[in-house]
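Labels below follow one simple rule: chain letters A, B, ... track the order of the sequence lines, proteins then strands, and each chain is numbered from 1.
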Amino acid sequence: MINAIDVTNLNYSYPDGTKALDGIDIKIEEGEKTVIVGPNGAGKTTLFLHLNGTLKSQGKNVSIFGRNISEMAIEERIREIGIIFQDPDDQLFMPTVYDDIAFGPLNMGLENKEVDEKVKKALSIVGLEGFEDKVPHHLSYGQKKKVAMASVLSMEPKILVIDEPTANLDPRSRKELIKLINKLNKNQGITIIMATHDVNALPQLSDRVYVLNHKIIAQGSPREIFSDSTVLKENNLEAPDVFKLFKVLGFFGYDYDTLPLSIDEAIEELTKTIETNNGHIHLHIHEHTHQNIRDFINNNDHHH
Amino acid sequence: MTTLLDDYALISPLRNRNNWLKLIIVAFGLLVGVSSTSPVTPLFIALSMSIATVFLGKTPLKLYLKILTAPLGFAFAGAVVIFFFFGSGSEILSFNIFGYPFIANSEGINMATLVVSRTFSGMCCLFFLAFTTPMVELFAVLKKTRLPESFIELSMLIYRYIFVFLDVAMSIKYAQTIRLGYKDVKSSIYSFSMLVSTLFLQSWEQGEKLYLAMDSRCYNGKMMMFDAKRPVELSEIITASLYFIFILTIFYFTKNISVV
């Protein structure tokens with residue numbers, strides 16, 4: 001089986017000698033959704049720039065679908081992997097929405113008619129039909145973010161690299177973007193790899209999580225990562241609120257099978273518990289409850 | 001948030017008309033207005049262009065008048081000078097200020113009205129273009145001219161980043177103002193120089209990000225631009241032609257009319 005992305009022993013130092021990436025190993029299968037979490041300045045963006053070949057490593061460390069990225073021509077690379085920046089203003093540089101989305105396909109050497117179709121299709125995927133002749137500075141931040149996605153989607157890459165898809169968005173745009181990413185993954189089979197600090201969105205957005213802090217600290221399913229409080233604490237991370245709440249409920253005697261990561265899972269869990277307990281949930285305070293909660297709060301408090 | 005002329009042009013209903021038609025109408029108005037020998041034709045062109053801008057182009061009337069006052073002020077100031085110091089002919093008005101004689105004569109007054117009316121019509125024609133044709137539409141027109149590609153592409157990028165840096169500049173200015181950066185002349189000069197140097201560094205950084213953005217979408221020296229196909233309709237051609245004929249008729253029959 002050929003992996004979509006294969007990173008082996010990737011090292012990178014900044015010009016001043018600081019080590020940014022240290023022996024990174026990442027394997028991502030086709031169609032997988034992978035999230036990279038880690039504190040600010042952990043090297044996430046640097047890693048992403050290696051994935052589309054903007055930064056080049058000396059060795060053959062990065063392969064896309066089994067091919068070494070430094071041996072691929074830029075047109076080939078772009079067909080395989082598209083990168084979406086965190087700040088859409090860094091990504092959108094053309095006068096109108098249409099120009100920006102057409103930029104990639106046109107440089108791939110497509111005919112005008114084909115370019116036109118790709119632009120229309122990309123706009124309909126992100127739900128911004130009819131925005132062709134708008135100028136970027138008349139759009140909201142959320143709309144700009146979607147246009148930035150469309151400008152990459154118009155090149156129809158097989159892998160999408162997204163830096164902080166939900167940062168700075170209002171709740172509605174955030175929800176729409178999460179839905180959009182999942183739709184792209186499910187319907188078009190696009191492999192997704194993204195960085196995010198949005199732990200509450202993370203469970204819906206990932207099959208697999210990597211904790212990056214210059215090195216790969218840990219990897220696993222979202223539940224495995226969030227259950228490891230030492231890893232979370234040492235890397236300035238935290239678990240989703242629902243996850244923490246159920247942990248606290250556990251100290252009050254709530255008997256859970258698995259800790260839910262999202263509201264949906266919480267509803268499922270609660271329903272199951274209530275149905276097996278004749279319509280009740282039993283909570284109580286026992287002798288260790290207060291101590292346990294104190295420990296838990298202290299453990300989650302990054303000030304200590 | 002400041003609103004620029006371009007912002008009005010972007011939402012103007014006349015934006016969706018053929019660019020070349022608008023350009024030809026404006027060029028015609030400019031040429032006829034400037035070459036007219038009587039003030040009647042230019043004033044008529046000014047009036048029709050203003051009506052088109054405000055009613056067909058849905059430009060706010062207040063804004064339109066406000067923007068017109070600046071160039072008109074200059075035109076009137078110039079006209080006053082011409083009025084008193086140019087030409088010959090029968091004397092109309094004369095008086096002394098501190099012993100200096102000010103004499104206005106018939107040729108001077110004719111010339112002054114002609115200058116004002118020509119300026120007025122020219123301004124109205126250009127404002128019609130500015131209020132109905134945003135820059136993004138003109139890029140497509142520019143591309144059809146034989147101007148060098150790199151010139152057009154640079155102007156497209158510059159256009160986009162004007163707005164990015166305007167935003168940055170305004171937020172820096174705001175950040176400085178709320179910390180009393182402009183409380184007196186000295187601090188204003190200091191703050192403004194800081195703003196300019198920060199803007200320079202930011203634009204440098206933005207340039208590097210731009211390179212990254214273009215590179216990751218395989219820039220190879222080709223740029224496309226939005227060129228919505230807006231064919232000229234027959235009715236538009238007929239209306240424009242009638243307008244041209246009407247103007248030329250006025251031009252012909254009023255050529256000898258003057259104020260005095």
Within the structure provided, determine whether A:V135 and B:Y159 are in side-chain contact (heavy-atom separation under 4.5 Å).
yes

More than 12 heavy atoms of other residues, nucleotides or ligands under 6.0 Å from NZ of B:K209: is that the case?
yes

Do A:F93 and B:M156 have side chains that approach each other closer than 4.5 Å (heavy atoms only, starting at C-beta)?
no

Does OH belonging to A:Y14 count more than 12 external heavy atoms closer than 6.0 Å?
yes

Give a yes or no on whether A:K121 atom NZ has more than 12 heavy-atom contacts from other residues, nucleotides or ligands under 6.0 Å away.
no

Any luck finding a side-chain donor-acceptor pair between A:H137 and B:D167 under 3.5 Å?
no

More than 12 heavy atoms of other groups within 6.0 Å of A:K19 NZ:
yes

Could you tell me which residues in residues 79-87 of chain A have at least one non-hydrogen atom under 4.5 Å from a non-hydrogen atom of chain B, sorted by residue number?
A:I83, A:F85

Pair count under 4.5 Å, heavy atoms only, with chain B: among A:G104, A:S151, A:G53, highest is A:S151

Return yes when atom CD1 of B:I237 has more than 12 non-hydrogen atoms of other residues, nucleotides or ligands closer than 6.0 Å, and no otherwise.
yes

Is it the backbone or the side chain of A:D90 that comes under 4.5 Å from a heavy atom of chain B, or both, or neither?
both

Where B:L212 and A:T54 come nearest, the two heavy atoms and their spacing
CD1-CG2, 3.0 Å

Just verifying a value: how many Å separate A:D133 CG and B:L10 CG, rounded to the nearest 0.5 Å?
8.5 Å

Indicate yes or no: at least one non-hydrogen side-chain atom of B:F163 is less than 4.5 angstrom from one of A:P136.
no

Criterion salt bridge (charged side-chain N to carboxylate O under 4.0 Å, His left out) against B:R160, the qualifying member of A:D100, A:D89, A:D99:
A:D89

Once rounded to the nearest 0.5 Å, what's the spacing between atom CG of B:D215 and atom CG of A:N52?
8.0 Å

Counting only N and O atoms by type, is there a donor-acceptor contact under 3.5 Å from the side chain of B:R217 to the main-chain atoms of A:Q91?
yes

Evaluate whether atom CD of A:E111 has more than 12 neighbouring non-hydrogen atoms of other residues, nucleotides or ligands under 6.0 angstrom away.
no

